[in-house]
Amino acid sequence: MSDQLTLHNTLTGREEIFVPLRAGECSFYTCGPTVYDFTHIGNFRSFLAADLLRRWLESPLCARTAPDRKPEAHAFGQGGYRVRHVMNITDVGHMTDDSAADGAGEDKMEAARKRLAEAKKAGTLPPGVDVDPSDPLGVADYYRAAFVEDARTLSLKVVLDADRDPALLPRATDHIRHMLALILELIERHHAYVDPAGVVYFDTQSFPDYGRLSGNTLEKIRSGAGGRVAATVQASKKHPADFMLWKHDPTHLMRWDPMRVFADAGDAERAELCRKHALKEGYPGWHIECSAMARAILDHDEIDLHSGGEDNIFPHHECEIAQSRCATGKQHFARYWFHPRFLMVNAEKMSKSKGTFFTVRDLLGKGFSPAAIRLELIKTHYRSNANFTEQGLKDSMRMVARWRAFRAKAESIASNDASDPQVEERFARALNDDLNISGALGIINAWINDTPSPTRADGAILDRFDGVLGVLACADEGAPAQSSDGPSDAEIDALLRQRAEARKAKNFAESDRIRDQLAAMNIVITDGPNGATWSRKAAL
RNA sequence: GGCCGAGUACCCAAGUGGACCAAGGGAACGGAUUGCAAAUCCGUCAUUCGCGGGUUCGAAUCCCGCCUCGGCCUCCA
């Protein structure tokens with residue numbers, strides 16, 4: 001428990017008090033999805049953890065908790081940090097098999113193209129979708145649009161914000177020039193070199209801190225090289241850990257000519273540098289985009305927060321740090337590194353063959369609400385392996401229903417007196433403790449139990465909690481239309497009228513028959529003093 | 001093999017040295033309510049924290065060993 005926000009920082013392996021570089025502001029970069037396929041719930045758990053952190057930073061409750069920071073908190077307006085949060089979309093065609101780190105294996109975009117082409121031929125593309133599988137950018141856009149739709153369903157704020165400011169959701173392919181500029185800078189500063197085949201490598205030995213994030217050392221990496229990287233490739237590197245920044249490849253699916261990139265932008269100076277260093281047509285390595293975009297869009301050499309799945313720690317984020325710090329000369333790239341752990345499904349690693357790579361649309365199709373999906377994916381501490389199950393999803397649905405009922409009841413008592421003035425502070429202390437979400441949920445539920453007659457002020461408190469959790473805010477109508485095979489509202493209402501007649505006549509056999517009939521269609525009816533109401537139940 | 005993280009009730013999960021003979025949610029069970037249900041409300045539900053040692057007046061919490069699960073060690077959120 002802490003009066004101030006503490007976060008576990010992967011860089012130091014410790015929990016640290018969060019102090020941003022610029023008072024009241026926070027720059028935050030999240031490694032976003034690759035768009036070669038649908039984004040699954042494991043990806044979303046990681047993005048939602050970042051979203052929760054971002055919402056907490058922005059919450060008035062966050063800054064309000066520390067007594068010694070109250071005057072400063074007022075300077076933030078309503079409290080909370082002004083967060084600039086960027087999440088990238090990786091749409092450059094990288095290799096399925098980077099073991100030859102520089103170009104063996106099938107291109108992932110190529111694989112996606114084939115998959116889509118087959119789906120189109122088989123007529124299994126969703127209705128209304130028109131995608132040209134021969135166009136890699138079109139394929140990327142198709143999956144990007146699907147991602148944005150799912151992210152919106154789950155109220156991922158960075159995606160919602162991108163409606164207003166598209167720069168917050170940058171595509172890698174829109175920033176090739178920034179990547180090349182960074183690569184040139186690294187070459188000029190002797191942190192990168194070009195091999196005879198035109199591959200640009202980062203020189204890891206030029207950066208003594210390489211390995212600090214992951215606890216690796218160059219020695220360990222060298223000894224652990226274990227034959228996974230082809231000997232011919234290794235031969236052209238100065239050190240096995242050196243990684244690719246740019247690959248010359250005139251046959252690649254997505255490729256750019258560095259000189260033309262700068263010439264088209266009117267940057268003759270850099271075009272000349274490309275000639276000088278023999279940068280030729282090809283594509284960027286898979287670490288450089290984040291370094292380039294974070295710097296270009298967040299507009300600072302050092303940022304506050306950087307998040308990504310735990311698998312990104314090495315090598316991806318290690319390499320980002322190396323590139324960025326060598327280019328900027330700063331002590332840090334990001335000051336705090338935030339790494340949510342993997343999501344398991346049914347106590348096992350998610351697996352394609354077991355069919356456990358669920359997407360958000362899969363779950364919506366089963367009748368689960370966006371609010372329940374969001375709650376289920378955020379309710380386990382971000383540094384634990386969460387276990388995703390349908391049972392858990394049902395549990396979450398029940399919790400959402402209780403909150404909704406509380407919220408509805410709170411409308412009826414017009415009082416400005418909160419039933420428990422301390423509850424917000426308890427909630428804040430839990431979240432300040434490295435985002436202790438389970439503790440925070442426990443506090444909300446206990447408070448709801450202890451508050452049988454909530455006032456309007458209590459409703460406002462729940463709204464403030466939900467501003468952080470983003471659960472009730474997930475509008476159910478944000479979901480794609482429910483499967484169309486259910487009965488229409490009019491049909492249901494007609495059956496309910498019949499049942500009301502039967503009950504009036506004490507014909508309970510007929511009344512129960514109608515209730516069973518509706519239940520079979522996943523319609524749950526609730527009898528109350530003012531007649532019956534109904535709701536659609538998740539089909540499990 | 002190296003480096004990390006985790007193991008708390010039927011399930012999910014908080015708690016990291018005394019206020020814990022362990023929050024909260026779900027399930028289950030008993031009761032109220034209901035024509036019967038659903039929903040709601042009331043109550044019950046871990047003398048115990050993966051296993052074995054140790055430190056301490058005191059341990060789920062610290063130390064040692066073991067077992068199991070997960071991540072990384074150039075695809076992966």
Side-chain angles (χ1 to χ4, degrees), chain A residues 1 8 10 13 30-34 36 39-50 94-102 105-106 108 211 214-217 220-221 223-226 228-229 233 240-244 285-287 307-316 318-319 339-344 347-350 375-376 379-381 383-389 391-402 405 430 433 436-449 452 503 506-509 511-512 515-516 519 524-528 532-535 537:
Chain A
M1 294 277 195
H8 180 92
T10 309
T30 293
C31 279
T34 52
Y36 314 126
T39 305
H40 55 69
I41 53 172
N43 299 310
F44 271 112
R45 148 132 143 127
S46 158
F47 303 148
L48 285 169
H94 293 300
M95 300 296 118
T96 51
D97 177 13
D98 255 346
S99 66
D102 322 305
E106 188 179 20
K108 281 188 231 168
S214 58
N216 270 314
T217 63
K220 281 189 208 158
I221 293 166
S223 57
R228 285 188 65 171
V229 176
V233 171
D242 289 356
F243 55 91
M244 183 183 100
W286 65 285
H287 308 302
S307 80
E310 60 176 322
D311 56 322
N312 281 161
I313 295 170
F314 189 90
H316 188 53
E318 198 74 77
C319 296
H339 290 109
R341 303 224 174 280
F342 270 19
L343 180 74
M344 318 280 285
E348 290 181 346
K349 195 179 169 180
M350 293 197 321
L375 179 58
E376 181 59 15
K379 78 180 183 189
T380 303
H381 186 84
R383 280 191 299 113
S384 299
N385 287 121
N387 185 22
F388 184 88
T389 60
Q391 182 58 51
L393 216 32
K394 286 187 214 168
D395 295 354
S396 293
M397 287 177 76
R398 299 277 306 139
M399 213 188 285
V400 171
R402 283 161 51 91
D433 182 15
N436 182 353
I437 181 70
S438 303
L441 294 177
I443 285 159
I444 293 178
N445 286 321
W447 167 66
I448 286 178
N449 288 340
R503 291 187 73 206
K506 301 227 183 291
N507 183 356
F508 296 123
S511 155
D512 290 350
R515 186 168 63 202
D516 290 346
V524 180
I525 65 178
T526 305
D527 289 324
T533 56
W534 61 271
S535 58
K537 193 181 112 203

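Residue numbers start from 1 in every chain, and the chains themselves are labelled A, B, ... in the order their sequence lines are given, proteins ahead of strands. Because the structure is predicted, anything quoted here is derived from the model rather than measured.
- Nucleotides B:rC63 and B:rU56, compared at atom P, are 15 Å apart to the nearest Å.
- Comparing the P positions of B:rC75 and B:rC12 gives a spacing of 32 Å, expressed to the nearest Å.
- Of all the heavy atoms in A:M350 and A:L343, the pair that sits closest is CG-O, 3.7 Å.
- Distance, A:F243 CZ to B:rC73 P: 15 Å, rounded to whole Å.
- Both A:P33 and A:H8 lie near RNA chain B, and the one whose nearest nucleotide falls closer to the 5' end is A:H8.
- In this structure, A:R45 atom CZ and B:rC76 atom P are separated by 19 Å, rounded to whole Å.
- Shortest non-hydrogen contact noted between A:R45 and A:F342 is NH2-O, 3.9 Å.
- Between the side chain of A:R341 and the base of B:rG70, no donor-acceptor pair of N or O atoms lies under 3.5 Å.
- Using N1 to N3 plus N6-O4 or O6-N4 for Watson-Crick, or N1-O2 and O6-N3 for G-U wobble, each under 3.5 Å, B:rG17 pairs with nothing.
- Here the closest heavy-atom approach between residue A:P33 and residue A:F47 is recorded as N-CZ, 3.6 Å.
- Rounded to an integer number of Å, the gap from A:K349 NZ to B:rC75 P is 12 Å.
- What separates NZ of A:K108 from C1' of B:rC75 is a distance of 5 Å, to the nearest Å.
- As rounded to the nearest Å, B:rG24 and B:rG31 have C1' atoms that lie 24 Å from one another.
- The pairing partner recorded for B:rA32 is B:rU40, the criterion being a Watson-Crick or G-U wobble arrangement whose two distances lie under 3.5 angstrom.
- Pairing for B:rA9 is absent, with no Watson-Crick or G-U wobble pair whose two atom distances lie under 3.5 Å.
- Judged by Watson-Crick or G-U wobble contacts below 3.5 Å, the nucleotide B:rG70 has B:rC4 as its partner.
- A donor-acceptor contact closer than 3.5 angstrom links the side chains of A:S396 and A:K379.
- Taking atom P on both nucleotides, B:rG7 is separated from B:rU61 by 11 Å, rounded to a whole Å.
- The partner of B:rA27 is absent, by the rule that a Watson-Crick or G-U pair needs both atom distances under 3.5 Å.
- Comparing A:I313 and A:H316 by the nucleotide of RNA chain B whose heavy atom lies nearest to each, the residue mapping closer to the 5' end is A:I313.
- Among the nucleotides B:rG5, B:rA38, B:rC73, the one closest to any side-chain atom of A:F314 is B:rC73.
- Nucleic acid contact for A:T39: none, since no nucleic acid atom lies under 4.0 Å from a heavy atom of the residue.
- Among the heavy atoms of the strands lying under 4.0 Å from A:L343 is at least one base atom, whether or not backbone atoms are also near.
- Taking atom CZ of residue A:R503 and atom P of nucleotide B:rC36, one finds them 10 Å apart after rounding to whole Å.
- Base pairing annotation: B:rC75 forms no Watson-Crick or G-U wobble pair, as no partner gives both donor-acceptor distances under 3.5 Å.
- The gap from the P atom of B:rA46 to that of B:rC10 amounts to 10 Å, rounded to the nearest Å.
- A parallel orientation is assigned to the rings of A:W286 and A:H316, their planes being inclined by less than 30° (bins at 30° and 60°).
- With a cut-off of 3.5 Å on both Watson-Crick or G-U wobble distances, the partner of B:rA46 is given as none.
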One character per nucleotide, please: for nucleotides 11-27 of chain B, 5' to 3', B when the base has a protein heavy atom closer than 4.0 Å, S when only the sugar-phosphate does, - otherwise. -SSSS-------BSBSS
Let's go through A:D527 and A:R503 carefully: what are the C-alpha distance in whole Å and the side-chain angles of both, what is the deciding distance for side chain to side chain contact (heavy atoms under 4.5 Å, CB included) to 0.1 Å, and is it a yes or a no? CA-CA 11 Å; A:D527 289 324; A:R503 291 187 73 206; 3.4 Å; yes
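- For A:M397 and B:rA39, the CE to C1' distance is 14 Å, given to the nearest whole Å.
- Nucleotides B:rC49 and B:rA13 place their C1' atoms 13 Å apart, quoted to the nearest Å.
- Here, B:rC51 and B:rA59 have their P atoms 16 Å apart, quoted to the whole Å.
- B:rG43 and B:rA60 have their C1' atoms separated by 28 Å, with the value rounded to a whole Å.
- We find that A:R398 and A:D395 are not joined by a salt bridge, their nearest charged nitrogen and carboxylate oxygen being 4.0 Å or further apart.
- The minimum heavy-atom distance linking A:T380 with A:S438 is given by the pair CA-OG, 4.4 Å.
- Atom CZ of A:R402 is separated from atom CD1 of A:I444 by 11.5 Å, given to the nearest 0.5 angstrom.
- The interatomic distance linking A:F388 (CZ) with B:rG70 (P) rounds to 19 Å, in whole Å.
- The CE atom of A:M244 sits 12 Å away from the P atom of B:rC75 (whole-angstrom rounding).
- Using Watson-Crick or G-U wobble geometry with both donor-acceptor distances under 3.5 Å, B:rC62 finds its partner in B:rG54.
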